[in-house]
Amino acid sequence: FEHTVFTTHQSWTDDLPLCQLCGVGSAPNCVYGPDGKGTQSHPNEDGHFRFSTECCFLYGVFNGYDGSRVASFVSQCLTAELLLGQLSTGHTDADVRRILSQAFDVVEKSYFETIDDALAEKANLQTQLPEGVCLSAQTQKIAERLKALEQEVSGGATAIVALILNNKLYIANVGTNRALLCKTTSDGQNQVIQIGRAHTIDNDDELSRLAQLGVDLVRLRQTGLISGQSSTRRIGDYKVKFNYTDIDVLSAATQKPIISEPEIHGGQSLEGVTGFLLLMSEGLIKALESAHGPEQVNQEIVAMVAAELAQQSSLEAAAQSVVERVKRLHHDAYVSGRQRAPHCGRHEDMTLLIRVVNYTLADGSLTPTQGGRIYPVSVPYSNHQSTSKTSVMLSLVMPAQGTLTNGSNTASTLEGDTPTAGQSPTATLQSTNTHTQSSSSSSGDGSLFRQRGSQAAQPRRGRGRVPPYVDFTQFYRLWGSDHSEGQGLSGDLGPQ
């Protein structure tokens with residue numbers, strides 16, 4: 001089925017030039033077991049595109065659910081509806097918004113046309129099922145076919161699309177993904193702008209729209225999810241589009257309550273702007289919210305991106321590093337057994353698209369304004385909530401070589417602290433017990449990382465060496481006590 005639907009679209013989109021000012025990072029969904037090990041629960045359902053043409057740049061991130069079919073279809077067909085001559089430099093803002101809105105409408109209608117036959121067969125077979133319990137071979141065959149058809153037609157997607165035309169930025173959003181624009185101001189601060197809001201029941205405008213259609217908002221708030229999803233706008237998902245009267249919380253609606261119409265912002269001029277644009281799938285946002293709370297997610301993501309752009313020579317590497325870091329923070333929050341752990345048992349697929357705007361990448365070497373490098377340190381971790389031991393990753397951040405000033409909008413505030421002067425926005429010890437803002441802070445009750453005063457940065461006279469400011473004494477003592485049984489070790493381990 002997938003091949004028959006998508007083959008006509010693949011050849012020409014493969015020939016479109018990819019934008020070289022953009023990088024994409026991703027990670028599949030994950031469910032953690034009691035031992036902290038993760039397994040993927042379903043195939044990756046996210047999608048994205050990043051194209052450049054003679055007249056414009058087009059980017060998109062798509063979050064699929066109940067299969068990747070809709071996200072794949074939308075990402076390919078939306079490109080055809082926007083990059084086959086529909087857009088030109090002579091278009092006004094109103095023209096562009098109209099073209100974007102029409103493209104989403106056409107794509108959803110086209111998708112439903114591809115499943116029309118399957119839906120018709122499904123409806124016909126349902127009329128053939130006898131009432132009551134019947135275990136005949138014919139009934140079983142019908143039931144199996146119905147199950148296959150349901151898998152073929154189910155699912156939907158949310159989408160966030162960015163268009164740059166005439167050096168103006170347009171954002172079209174359907175659902176729960178997010179767009180952030182980070183601008184570097186003249187005094188070196190980073191200004192973070194979230195463009196638009198998620199289409200959920202937390203959005204007052206969406207509640208007003210649904211109330212006008214007759215939806216009972218009290219019941220909707222109590223239910224929380226609509227057919228398993230939080231989004232009040234989505235593409236595909238035939239159940240909420242065609243059978244919404246059968247869904248209890250939507251049954252009172254006078255017309256289709258869950259829509260695919262995009263909320264469009266722009267055009268916003270990029271003239272003189274230096275910074276970057278981020279498109280994030282819901283899975284990435286929710287993973288970081290689960291680990292740290294929702295209050296500072298935008299600032300944390302921007303701080304991570306700025307730090308990686310300052311160290312990576314590739315946009316692809318920068319985007320992937322940020323996604324991997326969010327994944328690690330989420331995992332560490334789970335195995336810590338602390339306050340956020342119950343929220344971090346799983347995460348969905350994560351996608352991050354970074355598009356730089358007049359932004360110069362570093363060559364990978366440290367400069368006085370780039371802060372510290374992050375070095376992974378693998379140590380044994382004993383979870384106080386269980387007897388099992390799990391190897392986790394701590395980030396040891398070397399001190400910055402100079403002063404780095406962070407704007408109030410981009411400070412990476414873990415646990416509500418604010419970075420101090422001279423500190424990298426990523427200068428955090430990402431332990432499973434605490435999230436501290438200094439590489440010299442203690443981790444839990446172990447004081448694994450301890451700075452020995454101001455002498456830590458002074459070389460010893462005559463030897464030209466810097467004395468260590470990381471004290472591993474307790475680490476070796478704990479390691480020895482954990483491994484002495486059955487091995488005949490005294491526990492007095494350490495460098496010999």
Side-chain angles (χ1 to χ4, degrees), residues 5-22 24 46-64 69-116 156-175 177-179 181 195-196 199 233-236 241 256 259-271 273 277 279 281 351 353 355 357:
V5 171
F6 302 136
T7 301
T8 57
H9 299 287
Q10 286 181 339
S11 58
W12 80 269
T13 54
D14 287 345
D15 294 334
L16 281 173
L18 296 178
C19 178
Q20 301 303 310
L21 299 172
C22 174
V24 178
D46 277 5
H48 70 271
F49 58 55
R50 42 173 169 171
F51 298 120
S52 64
T53 68
E54 293 181 357
C55 77
C56 68
F57 301 90
L58 185 66
Y59 313 97
V61 167
F62 307 92
N63 174 38
R69 183 176 291 106
V70 180
S72 298
F73 184 92
V74 173
S75 65
Q76 293 174 27
C77 288
L78 200 57
T79 310
E81 293 301 321
L82 293 171
L83 296 184
L84 287 181
Q86 296 90 341
L87 293 164
S88 73
T89 55
H91 281 137
T92 65
D93 288 350
D95 292 333
V96 173
R97 289 193 289 266
R98 174 180 50 80
I99 292 169
L100 284 169
S101 183
Q102 287 177 348
F104 276 84
D105 183 54
V106 168
V107 166
E108 179 170 76
K109 288 178 178 177
S110 299
Y111 169 71
F112 282 132
E113 286 176 3
T114 68
I115 64 172
D116 267 351
T158 59
I160 187 93
V161 170
L163 169 69
I164 298 177
L165 177 68
N166 294 329
N167 208 25
K168 288 183 177 180
L169 173 64
Y170 302 84
I171 297 292
N173 182 40
V174 175
N177 304 306
R178 186 175 299 178
L181 179 62
I195 305 175
H199 297 127
R233 300 192 189 197
R234 54 187 87 163
I235 304 170
K241 301 294 175 65
K256 189 186 299 182
I259 59 177
S260 63
E261 179 183 346
E263 182 178 342
I264 301 173
H265 299 266
Q268 180 170 347
S269 175
L270 297 178
E271 192 69 35
V273 172
L277 170 71
L279 300 184
S281 69
T351 302
L353 185 149
R355 204 288 194 177
V357 181

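Only heavy atoms go into these numbers, but all of them, side chains included; no hydrogens, no water, no symmetry mates. Since this is a predicted model, take the numbers as computed values, not measurements.
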Quiz item: Below 4.5 Å, heavy atoms only, C-beta onward: do Phe112 and Lys241 meet side chain to side chain?
Solution: yes
Exercise. For salt bridge (charged side-chain N to carboxylate O under 4.0 Å, His left out), just list the numbers for Glu263 and Arg233, CA-CA rounded to whole Å, side-chain angles, deciding distance to a tenth of an Å, and then say yes or no.
Key: CA-CA 10 Å; Glu263 182 178 342; Arg233 300 192 189 197; 5.2 Å; no
Exercise. Start with the C-alpha distance between Ser281 and Asn63, add both sets of side-chain angles, then the distance that settles side-chain hydrogen bond (donor to acceptor under 3.5 Å, both in side chains), and finish with yes or no.
Key: CA-CA 6 Å; Ser281 69; Asn63 174 38; 5.6 Å; no
Quiz item: Looking at Phe51 versus Tyr59, is the centre-to-centre ring distance below 6.0 Å?
Solution: no
Exercise. Would you confirm whether Thr114, through its side chain, and Tyr111, through its main-chain N or O, come within 3.5 Å as a donor-acceptor pair?
Key: yes
Self-check item: Gln102 backbone acceptor or donor facing Asp105 side chain under 3.5 Å
Solution: no
Practice problem: Check for a donor-acceptor pair, side chain of Ser75 on one end and backbone N or O of Ser72 on the other, with a separation under 3.5 Å. | Solution: yes
Quiz item: Under a 4.0 Å N-O cut-off, is there an ion pair linking Lys168 with Glu271?
Solution: no
Quiz item: Between OG1 of Thr79 and CG of Leu84, what distance do you get to the nearest 0.5 Å?
Solution: 9.0 Å
Quiz item: Do Arg234 side-chain atoms and Ile259 backbone N/O form a donor-acceptor pair below 3.5 Å?
Solution: no
Self-check item: Gln20 side chain to Leu18 backbone, donor-acceptor under 3.5 Å
Solution: yes
Quiz item: Cation over ring, Arg355 on Phe57, under 6.0 Å and within 45°?
Solution: yes
Quiz item: Less than 4.5 Å apart, any side-chain heavy atom of Leu163 and any of Leu82?
Solution: no
